[in-house]
> 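First the structure, which I've put down as structure tokens, then a few questions once you've had a look.
We name chains A, B, ... by the order of the sequence lines, and we start the count at 1 in each one.
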Amino acid sequence: MDATFQKNFRKKLLDWYQKHKRDLPWRRSRDPYAIWVSEIMLQQTQVATVIPYYERFLKKFPTIAALARAEEEEVLALWAGLGYYRRAKLLQRGARAVAERHGGRLPDDPEALRELPGIGPYTAGAIASIAFRRPSPLVDGNVVRVLSRVFARKGHAKDARLQKEIWALAADLVDPTQPGDFNQALMELGATLCRVALPSCERCPVQGLCAARRGGEPEAYPESPPPQKTLRLQRAAAVALRGESVLLVKPRAARWFQGLWGLPHEYCAEAPATEAALGECLRSHLGLALLRPQALPATTHAITQHRITTWAWSGEAQGRLKAAGPYEEARFFTKKELAGVALPNFDRKVLAAAKLI
DNA sequence: TATGCGTGGGG
DNA sequence: TCCCCAAGCAT
């Protein structure tokens with residue numbers, strides 16, 4: 001890469017970042033653990049969504065040792081609503097691995113970081129550069145977009161060949177003296193100006209260095225992949241009550257939300273058949289029947305390419321509760337307990353329709 | 001290598 | 001309303 005270009009790009013980007021960077025909680029910390037937590041939460045998740053979760057998480061688990069000691073369910077309960085729950089499990093496994101293998105301190109080099117559960121190429125580069133000032137590159141969705149535009153590189157965002165090119169460009173560009181700021185600046189630029197649609201090229205600090213800007217079609221980079229087909233599913237769920245408490249179950253194997261609590265439910269081909277399927281599920285696996293079931297307003301929820309409509313019935317639970325078949329655990333939770341349980345938004349919406357939360 | 005995994009905001 | 005997709009990783 002041309003040395004003058006490299007120098008110009010770094011300076012313009014870093015100057016812009018110093019002036020325009022957002023004040024984010026993890027940017028106030030120099031604790032590698034805090035930066036680790038933020039990077040895991042930020043995977044595929046927008047900044048505004050992460051902030052309250054980040055604050056609560058660090059308050060409850062302020063150190064690697066505290067996180068390593070915790071029960072997995074406590075960690076999941078704090079993560080509930082943030083999505084991609086595997087991240088929480090892997091983060092905690094990572095904390096345990098650091099406690100065992102590294103004496104409780106995060107290693108500072110990307111290869112060692114990469115060995116830890118939940119840390120892939122992006123996160124290893126982020127922690128190494130931001131927390132330890134190592135000159136490691138990183139590539140996320142923002143960086144692919146920014147650099148594919150600056151260098152007018154063809155290909156879909158997740159295409160392996162383009163990814164490889166972008167990693168090489170990021171490695172050439174990363175500023176050796178302020179790698180953390182440089183990497184964050186690249187992502188900040190992608191998040192705020194160099195957006196997917198309607199980029200603000202006129203305010204961009206590197207517009208004079210951008211090939212896509214010169215070509216007049218910045219939005220053409222990166223190319224968008226063929227659209228995913230959405231699938232529609234119908235689901236029946238039971239809000240089984242015992243006084244003020246509601247029944248939650250933990251399935252042994254679940255398509256989604258493995259290891260989290262949820263309402264007893266069945267998937268079915270069409271909406272009208274749902275109540276019957278649900279009754280059989282309650283009877284055979286949980287030993288219960290719903291007395292005088294009341295239909296609740298249907299709720300909808302999207303999980304990746306799935307669009308799921310839930311038809312729920314609430315009623316007093318009759319019978320002696322057991323957990324059998326697909327269910328590993330089943331128990332009634334009071335209203336107060338519901339607030340602190342690892343229950344995803346998928347079923348929180350149903351409980352909201354039942355006016356229980 | 002392709003796919004599955006959550007959720008909320010914006011166009 | 002509906003679709004897109006955002007500081008990715010594991011399998």
Side-chain angles (χ1 to χ4, degrees), chain A residues 21-22 24-27 34-54 76 79-91 93-94 113-131 137-146 156-161 163-164 166-167 170 180 182-192 194-199 219 222 224-232 253-260 262 299-309 342-349:
Chain A
K21 67 178 174 187
R22 291 169 290 179
L24 303 175
W26 43 91
R27 288 186 177 158
I35 292 164
W36 180 16
V37 171
S38 75
E39 289 302 338
I40 300 299
M41 288 189 170
L42 285 161
Q43 288 170 6
Q44 300 289 281
T45 310
Q46 292 174 343
V47 164
T49 307
V50 166
I51 290 174
Y53 285 89
Y54 171 84
L76 286 171
W79 207 274
L82 193 56
Y84 286 135
Y85 298 97
R86 196 161 48 186
R87 293 182 296 177
K89 300 180 195 177
L90 293 172
L91 175 60
R93 278 187 229 164
L113 287 164
R114 185 71 185 74
E115 300 292 313
L116 294 168
I119 297 187
Y122 162 80
T123 308
I127 296 172
S129 64
I130 299 169
L138 59 74
V139 172
D140 74 333
N142 290 304
V143 176
V144 170
R145 189 167 58 256
V146 170
H156 301 318
K158 297 198 173 171
D159 173 76
R161 196 177 55 78
Q163 285 276 334
K164 199 174 169 188
I166 301 295
W167 272 97
F182 179 88
N183 284 335
Q184 291 186 85
L186 218 41
M187 295 189 284
E188 189 89 345
L189 187 68
T192 60
C194 195
R195 296 177 300 255
V196 176
L198 300 175
E219 289 185 55
S224 39
Q228 286 268 355
K229 196 169 151 189
T230 62
L231 304 168
R232 290 172 198 288
R255 177 174 193 176
W256 293 298
F257 314 116
Q258 180 63 49
L260 280 78
T299 56
T300 59
H301 191 74
I303 302 176
T304 58
Q305 74 268 43
H306 304 273
R307 303 290 174 267
I308 304 154
T309 303
L343 179 72
N345 282 0
F346 191 25
D347 282 331
R348 285 191 183 273
K349 286 182 180 177

> So what does Val143(A) hit on the nucleic acid, given a heavy-atom distance under 4.0 Å: a base, only sugar-phosphate, or nothing?
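No contact.
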
> How many Å lie between CZ on Arg93(A) and C1' on dT11(C), as a whole number?
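Result: 12 Å.
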
> With heavy atoms under 4.0 Å as the rule, sort Ser38(A) into base, sugar-phosphate or nothing.
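No contact at all - Ser38(A) keeps every heavy atom at 4.0 Å or more from the nucleic acid.
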
> So, using salt bridge (charged side-chain N to carboxylate O under 4.0 Å, His left out) as the criterion, who are the partners of Arg307(A) when residues are at least two apart?
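Salt bridge (charged side-chain N to carboxylate O under 4.0 Å, His left out) list for Arg307(A), sorted by chain: empty.
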
> Pairing donors with acceptors under 3.5 angstrom, does anything connect the side chains of Arg87(A) and Thr45(A)?
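Arg87(A) vs Thr45(A): donor-acceptor pair found between side chains.
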
> In whole Å, what separates the P atom of dA7(C) from that of dA2(B)?
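So the two P atoms sit 23 Å from each other.
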
> Leu90(A) CG to dT11(C) C1': how many Å, rounded?
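Going from CG in Leu90(A) over to C1' in dT11(C) covers 11 Å.
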
> Rounded to whole angstroms, how far apart are CZ on Arg22(A) and P on dA6(C)?
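Arg22(A) atom CZ is separated from dA6(C) atom P by 14 Å.
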
> Quickly work out the Asp140(A) CG to dC5(C) P distance and round it to whole Å.
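Atom CG in Asp140(A) sits about 15 Å away from atom P in dC5(C).
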
> Do nucleotides 1-11 of chain B as a string where each nucleotide becomes B, S or -: B if the base has a protein heavy atom under 4.0 Å, S if just the sugar-phosphate does, - if no protein is that close.
---BBBBBS--

> Assign Leu24(A) to base, sugar-phosphate, or nothing according to its heavy-atom contacts below 4.0 angstrom with the strands shown.
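The answer is base, as Leu24(A) lies within the cut-off (heavy atoms under 4.0 Å) of a base atom.
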
> Using a 4.0 Å heavy-atom cut-off across all strands, classify Ile40(A) as base, sugar-phosphate, or nothing.
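No contact at all - Ile40(A) keeps every heavy atom at 4.0 Å or more from the nucleic acid.
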
> Report which part of the nucleic acid Arg145(A) touches: base, sugar-phosphate, or nothing (heavy-atom distance under 4.0 Å, all strands).
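Since only primed, P, OP1 and OP2 atoms lie under 4.0 Å of Arg145(A), the category is sugar-phosphate.
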
> Heavy atoms under 4.0 Å, any strand shown: does Trp26(A) hit a base, just sugar-phosphate, or nothing?
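Base contact.
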
> In whole Å, measure the gap between the C1' atoms of dT11(C) and dT7(B) for me.
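Those two atoms are separated by 23 Å.
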
> Please report, to 0.1 Å, the donor-acceptor pairs under 3.5 Å made by any side chain of residues 118-130 of chain A, with sequence neighbours excluded.
unit_1	atom_1	unit_2	atom_2	d
Tyr122(A)	OH	Glu39(A)	OE1	2.6
Thr123(A)	OG1	Gln43(A)	NE2	3.1
Ser129(A)	OG	Gly125(A)	O	2.8
Ser129(A)	OG	Ala126(A)	O	3.4
Ser129(A)	OG	Asn183(A)	ND2	3.0

> Do any N or O atoms from the side chain of Asn345(A) and from the backbone of Arg348(A) form a donor-acceptor pair under 3.5 angstrom?
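Checking the backbone N and O of Arg348(A) against the side chain of Asn345(A), no donor-acceptor pair under 3.5 Å is found.
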
> Would you kindly give the CG-to-P distance between Leu42(A) and dC9(C), to the nearest whole Å?
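Whole-Å distance recorded here is 12 Å.
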
> Counting heavy atoms not belonging to Lys21(A), are there more than 12 under 6.0 Å from its NZ?
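Counting other residues, nucleotides and ligands, NZ of Lys21(A) exceeds 12 neighbours.
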
> Quick one: does any side-chain atom of Tyr84(A) pair with a main-chain N or O of Met41(A) as donor and acceptor, under 3.5 Å?
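No, the answer is negative, given that no donor and acceptor are paired below the 3.5 Å cut-off.
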
> Have a look at Arg27(A) and say if it touches a base, only the backbone sugar-phosphate, or nothing, with a 4.0 Å heavy-atom cut-off.
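Arg27(A): base contact, heavy atoms under 4.0 Å.
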
> Report the distance from atom CZ of Arg307(A) to atom P of dC3(C), rounded to the nearest whole Å.
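Going from Arg307(A) (CZ) to dC3(C) (P), I get 6 Å.
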
